[in-house]
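Reckoned from all heavy atoms, side chains included, excluding hydrogens, waters and symmetry mates.
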Amino acid sequence: MDPSDADLWTRSRAGDREAFGALFERHAKAVCNYCFRRIGSWATAEDMLSVVFIEAWRRRDQDLAPDKVLPWLYGIATNVVRNQRRSERRYAAALSRVPAVRPEPDFARISDERIDDEWQAQGALDVLRRLPRREQDVFVLCVWMELSYEEAAAALRVPVGTVRSRLSRARTHLREPNPGFGHEQGESTTLEEARQP
């Protein structure tokens, strides 16, 4: 029988690298998917995955509830996403001051599936960006990553009631008609629809 997250975390807190490696193997895919859904780039998401687990190892002295390891990792990932966005804004500002050089992408190395994933993710992110950042965080955790209200609250370090209200507001905003999508007669585009090819 595989050890529980709680057992692996207890051993990790004591410095057991193998136990921490087992937590990585167990949750890396979910954390990487979360980062991808927030950023829309597989390469960046994979880089962010490393940052999340480095930060988790650095902060391993934290005492977590037995079933809260994955939500805690999502909380770290949320902060990594915010830092990434700040870095991107600073980088974009710096680039705007110099002549832009656009490298040609090497499509031979990138699979069609990854390109399709990124195209769909960018479309969904365009819709998601209509929300305030706090509502974005809650929506992605509860809807895309399927966390419970309690798990999302643990990840974001906010009360459960705050998660519920932010998610409710997010759903309301995403159901509002958006004329930019070209729908007729008051039809609206939901975030789930925007993710469809």
Side-chain angles (χ1 to χ4, degrees), residues 27 30-49 51-53 55-56 59 62 64-65 68-96 117-197:
H27 297 304
V31 172
C32 189
N33 284 337
Y34 172 74
C35 292
F36 172 74
R37 289 174 174 182
R38 299 307 307 273
I39 294 296
S41 163
W42 281 116
T44 304
E46 288 162 1
D47 290 343
M48 293 170 73
L49 172 66
V51 174
V52 169
F53 277 90
E55 183 66 11
R59 294 168 51 187
Q62 294 201 10
L64 302 178
K68 298 295 188 242
V69 173
L70 183 57
W72 181 69
L73 290 170
Y74 283 146
I76 294 174
T78 299
N79 290 329
V80 171
V81 166
R82 289 176 188 157
N83 291 339
Q84 174 68 24
R85 287 182 177 153
R86 279 194 291 270
S87 296
E88 288 173 355
R89 285 193 297 271
R90 286 194 296 267
Y91 181 69
L95 278 184
S96 71
D117 285 349
E118 292 188 5
W119 180 80
Q120 289 179 24
Q122 289 302 328
L125 287 171
D126 287 343
V127 177
L128 186 68
R129 288 185 187 108
R130 293 173 12 204
L131 300 176
R133 180 183 50 78
R134 290 178 176 180
E135 291 177 19
Q136 291 178 33
D137 294 341
V138 169
F139 187 89
V140 173
L141 287 171
C142 291
V143 177
W144 288 355
M145 305 313 295
E146 301 179 347
L147 262 62
S148 68
Y149 295 133
E150 292 77 13
E151 291 169 331
L156 299 173
R157 297 184 180 181
V158 297
V160 173
T162 300
V163 169
R164 289 178 188 273
S165 63
R166 287 180 185 173
L167 183 58
S168 176
R169 284 194 302 271
R171 287 180 167 149
T172 298
H173 289 137
L174 292 172
R175 281 193 293 268
E176 292 174 354
N178 181 355
F181 284 97
H183 291 282
E184 298 179 12
Q185 299 175 359
E187 292 182 12
S188 64
T189 299
T190 66
L191 194 54
E192 287 79 6
E193 290 168 344
R195 294 175 65 198
Q196 300 303 315

If you take all heavy atoms of [X] and [Y], which pair is closest and at what distance?
X      : Y      : value
Tyr149 : Cys142 : CD2-SG, 4.3 Å
Ser165 : Thr162 : OG-O, 3.1 Å
Leu147 : Ala152 : CD2-N, 3.9 Å
Ala154 : Lys68  : CB-CD, 3.9 Å

Using only atom types and a distance under 3.5 Å, with no angle test, would you say the side chain of [X] pairs donor to acceptor with the backbone of [Y]?
X      : Y      : value
Ser168 : Arg164 : no
Glu135 : Pro132 : no
Arg37  : Trp144 : yes

Item to check | Verdict with supporting geometry, Arg166 and Phe139, side-chain contact (heavy atoms from CB on, under 4.5 Å) | outcome: CA-CA 8 Å; Arg166 287 180 185 173; Phe139 187 89; over 6 Å; no

Next on the checklist: With a sphere of 6.0 Å drawn around CD of Gln62, does it hold more than 12 non-hydrogen atoms of other residues, nucleotides or ligands?
Outcome noted: yes

Item to check | Arg134, CZ atom: more than 12 neighbouring heavy atoms under 6.0 Å | outcome: no

Next on the checklist: For a side-chain contact (heavy atoms from CB on, under 4.5 Å) check, start with the C-alpha distance between Leu125 and Ile39, then their side-chain angles and the critical distance, and finish with the verdict.
Outcome noted: CA-CA 8 Å; Leu125 287 171; Ile39 294 296; 5.6 Å; no

Min side-chain heavy-atom separation [X]-[Y] under 4.5 Å:
X      : Y      : answer
Glu46  : Phe36  : no
Arg171 : Leu167 : yes
Leu49  : Cys35  : no

List the atom pairs, with distances to 0.1 Å, where a side-chain N or O of residues 76-84 and a protein N or O form a donor-acceptor pair under 3.5 Å, not counting sequence neighbours.
residue: Thr78; atom: OG1; partner: Tyr34; partner atom: OH; Å: 2.6
residue: Thr78; atom: OG1; partner: Tyr74; partner atom: O; Å: 2.9
residue: Asn79; atom: OD1; partner: Arg82; partner atom: NH1; Å: 3.3
residue: Arg82; atom: NH2; partner: Asp137; partner atom: OD2; Å: 2.5
residue: Asn83; atom: OD1; partner: Arg86; partner atom: NH2; Å: 2.2
residue: Asn83; atom: ND2; partner: Asn79; partner atom: O; Å: 3.4
residue: Gln84; atom: NE2; partner: Glu88; partner atom: OE2; Å: 3.0

Item to check | By salt bridge (Lys or Arg N to Asp or Glu O under 4.0 Å) - contacts of Arg157 (at least two apart) | outcome: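 By the salt bridge (Lys or Arg N to Asp or Glu O under 4.0 Å) rule, Arg157 matches no residue at all.
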
Checklist outcome for this item: Residues passing the salt bridge (Lys or Arg N to Asp or Glu O under 4.0 Å) test with Glu150, sequence neighbours excluded, are none

Checklist entry - How many angstroms lie between CZ in Arg169 and CG in Leu131, if you round to the nearest 0.5 Å? => result 10.5 Å

